[in-house]
There are 2 protein chains.
Amino acid sequence: MTDGKTHDTAESARPVFAAERRQRILELVRANGAVSLRDLARAVGSSEVTVRRDVRMLEGEGLLDRHHGGATLPGELTREPTYSQKTQLSGTEKAAIADLAASLVEDGDAIAIGAGTTTQALARRLVRHTELAVVTNSLLVAQALADCPRVEVVMTGGTLRGSIHALVGSPAEQALAGLRVRRAFISGNGLTAERGLSTPNLQVASVDRAMARAAEDVVVLADHTKIGVDTMVQTVPTEEITHLVTDDDAPRDVLDDLASRGVRLHVARG
Amino acid sequence: MTDGKTHDTAESARPVFAAERRQRILELVRANGAVSLRDLARAVGSSEVTVRRDVRMLEGEGLLDRHHGGATLPGELTREPTYSQKTQLSGTEKAAIADLAASLVEDGDAIAIGAGTTTQALARRLVRHTELAVVTNSLLVAQALADCPRVEVVMTGGTLRGSIHALVGSPAEQALAGLRVRRAFISGNGLTAERGLSTPNLQVASVDRAMARAAEDVVVLADHTKIGVDTMVQTVPTEEITHLVTDDDAPRDVLDDLASRGVRLHVARG
DNA sequence: TCACATTCGATCTAAACCGATCAAATAGCG
DNA sequence: CGCTATTTGATCGGTTTAGATCGAATGTGA
């Protein structure tokens, strides 16, 4: 509206200022999700070179992402840190923990397995067991045991929480309330001696609690990155944890504290 | 929003950048568990060479595993035999059927999706929908939609039937009994005009029946190998089938017969 | 086990795209 | 009026990317 230099020359074509052009570029990208440089140039009536410059500038401000051939919304295609990278994080420790935890499962057992990448690794170790009954709310655990005919897998119902690939909500909790198993293998995001196991999500916490209540023994699987860490919602208090399986990078003092409170320790050497 | 006054050049399609292509490959693999290179190439509209390159790159990041002929989820115990069977069988028909079935789903719908590889392919097509509520007893369907934040997935509980990766038993049926959805997308092993949809397994049949009862419309997904085939247990009688989605290799006479009984036909051309 | 088919890997080619430098036009300023 | 700074457009070389081909390796089926 109020451009500094008014009608100095009111000649033919209306001028397209750089700021306006960039604004239109942004709008186009936002509207289409991804636009090629050629289309952008055509749309704003400038050359590709100019648009390239604009796009680079806009990228510098974090308003869009530049790609070979065009531009996209920022962060749209770069969601790499998905689930599978978490398994990569401390894969060897997880494997060692899962091996040790699997030794706590005997043929003929009825057990519950919670959500998490470590519990998924545990489930993979159980394919050789026989006469096993496993109840879980984790899609990944169920998948791991799906092709194993000698293991009966029961899933709770519930709403799928995509980030952890597990079922939550009252259907899941109610399904667990009606069951009784010998051991529950539960993971979490943090474990301290004072507050026990914790997770950042309320719904997940509720299901984990229900799972712990359904079991005689509660086995917590937690690699060293989680020991001594406290997150938002407590799931299982220390007194109810009977076993902890972790790796030997876990802080010694916390482990001692847990042990003094009656938790049986199983430390896997990575 | 404020579309420019410029004539929009409708000739140029939305570009697909390399990053987006890889993202889609990941989605496809996550959804299907195992996808052949050819299908991936077809799905993303690139050559097999390019897809091979992408897959190799993604493997380097640990996001998927590479196998002869295709790619699978990482770290999974890969079931090679089932893999080639299922994807090779009638992959293109399944894809075409799934595409057509996806067009029967509207944003904001509440739908049910049964077990099967075709329904799984359908689920894969729903990731772009918004405000969708999906209830399913299929692990594969749930997995396909797990990473989609705009789709709410509710799973029935139940016992895992490994061969079809779906939940069966009374918990599954009871969960469905308490629900009401607009459309149910059900597959099966055989479909005839006289007996309707059928499957060789009793438990699976019960769940499919419960799912059909929970829906206003019943959409059957069946490729041509199943049309005219009758298997042991009837799941949905022809009168309750409102739509059939199949491919153009299906026997004409059976289709006509079904149509005369009120089934709306949707024939995908492979 | 052997023969056949499919798929993989590598190299090459073609094309698109990017970056940089330079030329031209316009606005600002003395 | 003329100079200069800023901005835009054009060209060129280098780089990246995608597709094609062919020998080699791997699976498949009899």
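A quick note: this is a predicted structure, and the numbers were derived from the prediction, not measured. Protein chains get the first letters and strands the later ones, always in sequence-line order, with residue 1 at the start of each.
Spacing between atom CD of A:Glu20 and atom C1' of D:dT8 amounts to 16 Å, rounded to whole angstrom units. Regarding A:Asp39, its CG atom lies at a distance of 14 Å from the P atom of C:dA16, rounded to whole Å. Atom NE2 in A:His67 sits about 17 Å away from atom P in D:dT16, given to the nearest Å. One can place CZ of A:Arg42 at 18 Å from C1' of D:dG9, the figure rounded to the nearest angstrom. Atom C1' of nucleotide C:dA20 and atom CD of A:Glu48 are separated by 16 Å, given to the nearest angstrom. One interatomic measurement links the two molecules: CZ of A:Arg66 to C1' of D:dT15, which rounds to 14 Å at whole-angstrom precision. D:dA18 atom C1' lies 15 Å from atom CZ of B:Phe17, rounded to whole Å.
Panel note: side chain B:His129, backbone B:Val105; a donor-acceptor pair is recorded below 3.5 Å. Judged by distance alone, with hydrogens and angles left aside, the side-chain atoms of A:Asp247 form no donor-acceptor pair with the main-chain N or O of A:Asp223 at under 3.5 Å.
Surrounding CD of B:Glu194 are more than 12 heavy atoms belonging to other residues, nucleotides or ligands, all under 6.0 Å away.
When B:Leu64, B:Leu63, B:Asp65 are each tested for a side-chain contact (heavy atoms from CB on, under 4.5 Å) with B:Val55, only one passes: B:Leu64.
Here C:dC8 is the nucleotide among C:dC8, C:dA16, C:dA20 with the atom lying nearest to any side-chain atom of B:His68. If you check D:dA18, D:dG9, C:dT7 against the side chain of B:Arg52, the one that comes closest is C:dT7. Across C:dG9, D:dG9, D:dA18, the shortest atom-to-atom separation from the side chain of B:Ala18 is found for D:dA18. Considering only the side chain of A:Arg38, C:dC17 comes nearest among D:dG9, C:dC18, C:dC17. Minimum atom distance to the side chain of B:Arg56 is reached by C:dA10, of the listed C:dA10, D:dA18, D:dG9. Side chain of B:Arg21, nearest nucleotide from D:dA18, D:dA10, D:dT21: D:dA18. The side chain of B:Ser46 approaches D:dG19 more closely than any other nucleotide in the set C:dG9, C:dC18, D:dG19.
Residue B:Ser47 places at least one side-chain N or O closer than 4.0 Å to OP1 or OP2 of D:dG19. When the side-chain nitrogen and oxygen atoms of A:Arg53 are compared with OP1 and OP2 of D:dA10, none of them lie within a distance under 4.0 Å.
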#### Entry: B:Thr199 vs B:Asn201, side-chain hydrogen bond (donor to acceptor under 3.5 Å, both in side chains): CA-CA, chis, key distance, verdict
CA-CA 6 Å; B:Thr199 168; B:Asn201 184 270; over 6 Å; no
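In this structure, B:Val49 and A:Leu37 both approach DNA chain C, and ranking their closest nucleotides by distance from the 5' end singles out B:Val49.
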